[in-house]
Amino acid sequence: MPRRCTICAHESRTEIDRALVSREPYRAIACRFDVGRESLRRHAEEHLPETLALAEKAREATRADDLLDQIRALQGVTFRALKRAEAAGDWAVLLRAVREGRQNAETMGKLLGRLDERPQINISMNPEWLELRAVIILALEPHEAAKDAVLRALEQGEGAGSDGRA
């Protein structure tokens, strides 16, 4: 049975982890928290990386939230400029504000994961598919019922895939 990490179980683990991250000497940490230097080394090598990874994820989430708040604030300014430009009949400013608003909305969609940027392929217009389709139909020529069934299935399938994803 593996040994239990004394640092992970220590009541001052958070402070010990901070000291390790700030590169305080093991000797000083060991004296301050009454732990062994070898335990500190093992903990730093085996457990600290996963703790740091979790902390980095939390920091990234916070940065994303801050960025989203900034974009929302920009969108508010953009909408106010849009209303003023519309009221003043300043069409050049109005169009620039519309463009900025669209870019802000696009950025928010990306941040929130609501904007799908994967490439889209319309397979029904793809030259290779059209060629393969013709080969399949030609091969089924001697089998009229099978050919009709395949054609019906292909027409239904091509009509159902309206989002263009392959």
Side-chain angles (χ1 to χ4, degrees), residues 5 7-24 29 40 43-140 146-166:
C5 178
I7 306 303
C8 285
H10 199 281
E11 63 186 21
S12 300
R13 177 185 176 179
T14 303
E15 291 83 12
I16 294 171
D17 284 348
R18 276 194 199 111
L20 289 168
V21 167
S22 65
R23 304 246 185 242
E24 197 174 311
I29 301 169
L40 286 169
H43 176 74
E45 288 176 3
E46 297 171 13
H47 301 138
L48 199 54
E50 66 190 47
T51 302
L52 290 173
L54 289 172
E56 182 57 29
K57 277 187 179 180
R59 278 194 294 275
E60 284 176 19
T62 301
R63 281 194 298 269
D65 286 345
D66 290 346
L67 184 56
L68 191 56
D69 288 343
Q70 290 173 17
I71 292 169
R72 285 185 175 134
L74 278 174
Q75 192 71 323
V77 171
T78 303
F79 285 149
R80 286 191 297 278
L82 185 66
K83 286 179 183 178
R84 285 187 192 131
E86 188 173 24
D90 190 345
W91 304 117
V93 172
L94 180 105
L95 290 174
R96 284 196 300 270
V98 166
R99 185 173 43 248
E100 288 301 316
R102 180 187 49 78
Q103 288 175 339
N104 291 340
E106 185 178 306
T107 303
M108 276 195 279
K110 288 176 186 176
L111 273 175
L112 295 170
R114 294 183 185 151
L115 190 62
D116 187 356
E117 294 185 290
R118 295 178 296 178
Q120 295 185 5
I121 300 170
N122 184 349
I123 193 164
S124 64
M125 299 307 292
N126 185 299
E128 285 102 4
W129 165 246
L130 294 174
E131 186 178 331
L132 178 61
R133 188 178 191 270
V135 167
I136 292 170
I137 292 169
L138 187 63
L140 289 172
K147 181 179 90 172
D148 291 342
V150 168
L151 280 172
R152 275 193 308 277
L154 287 173
E155 287 170 5
Q156 288 174 352
E158 289 171 356
S162 62
D163 70 350
R165 297 232 176 260

Indicate yes or no: at least one non-hydrogen side-chain atom of [X] is less than 4.5 angstrom from one of [Y].
X      : Y      : value
Val21  : Leu48  : yes
His47  : Ile7   : no
Asp90  : Leu94  : no
Glu131 : Asn126 : no
Leu154 : Trp129 : yes

Tell me whether Glu46 at atom CD has more than 12 heavy atoms from other residues, nucleotides or ligands lying less than 6.0 Å away.
yes
Exceeds 12 heavy-atom contacts within 6.0 angstrom, atom CD of Glu45:
yes
Could you check Lys147 against Leu138 for side chain to side chain contact (heavy atoms under 4.5 Å, CB included), going step by step and ending with a plain yes or no?
CA-CA 9 Å; Lys147 181 179 90 172; Leu138 187 63; over 6 Å; no
Looking at every heavy atom in both [X] and [Y], which two are closest together, and how far apart are they?
X     : Y      : answer
Glu24 : Ile29  : O-CD1, 3.5 Å
Gln75 : Glu100 : OE1-O, 4.3 Å
Ala97 : Thr78  : O-CG2, 3.1 Å
Leu20 : His43  : CD1-CD2, 3.7 Å

Salt-bridge test for Arg13 and Asp17: reply yes if a basic N is under 4.0 Å from a carboxylate O, no otherwise.
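Yes.
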Charged N-O contact under 4.0 Å between Lys110 and Glu106
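Yes, this pair counts.
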Spacing of Arg96 atom CZ and Leu82 atom CG [to the nearest 0.5 Å]:
12.5 Å
Starting at CG of Leu74, measure out to CG of Asp69 and round the result to the nearest 0.5 Å.
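Interatomic distance, Leu74 CG to Asp69 CG, rounded to 0.5 Å: 11.5 Å.
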Side chain to side chain contact (heavy atoms under 4.5 Å, CB included) evaluation trace for Ile137 with Arg133
CA-CA 6 Å; Ile137 292 169; Arg133 188 178 191 270; 3.9 Å; yes
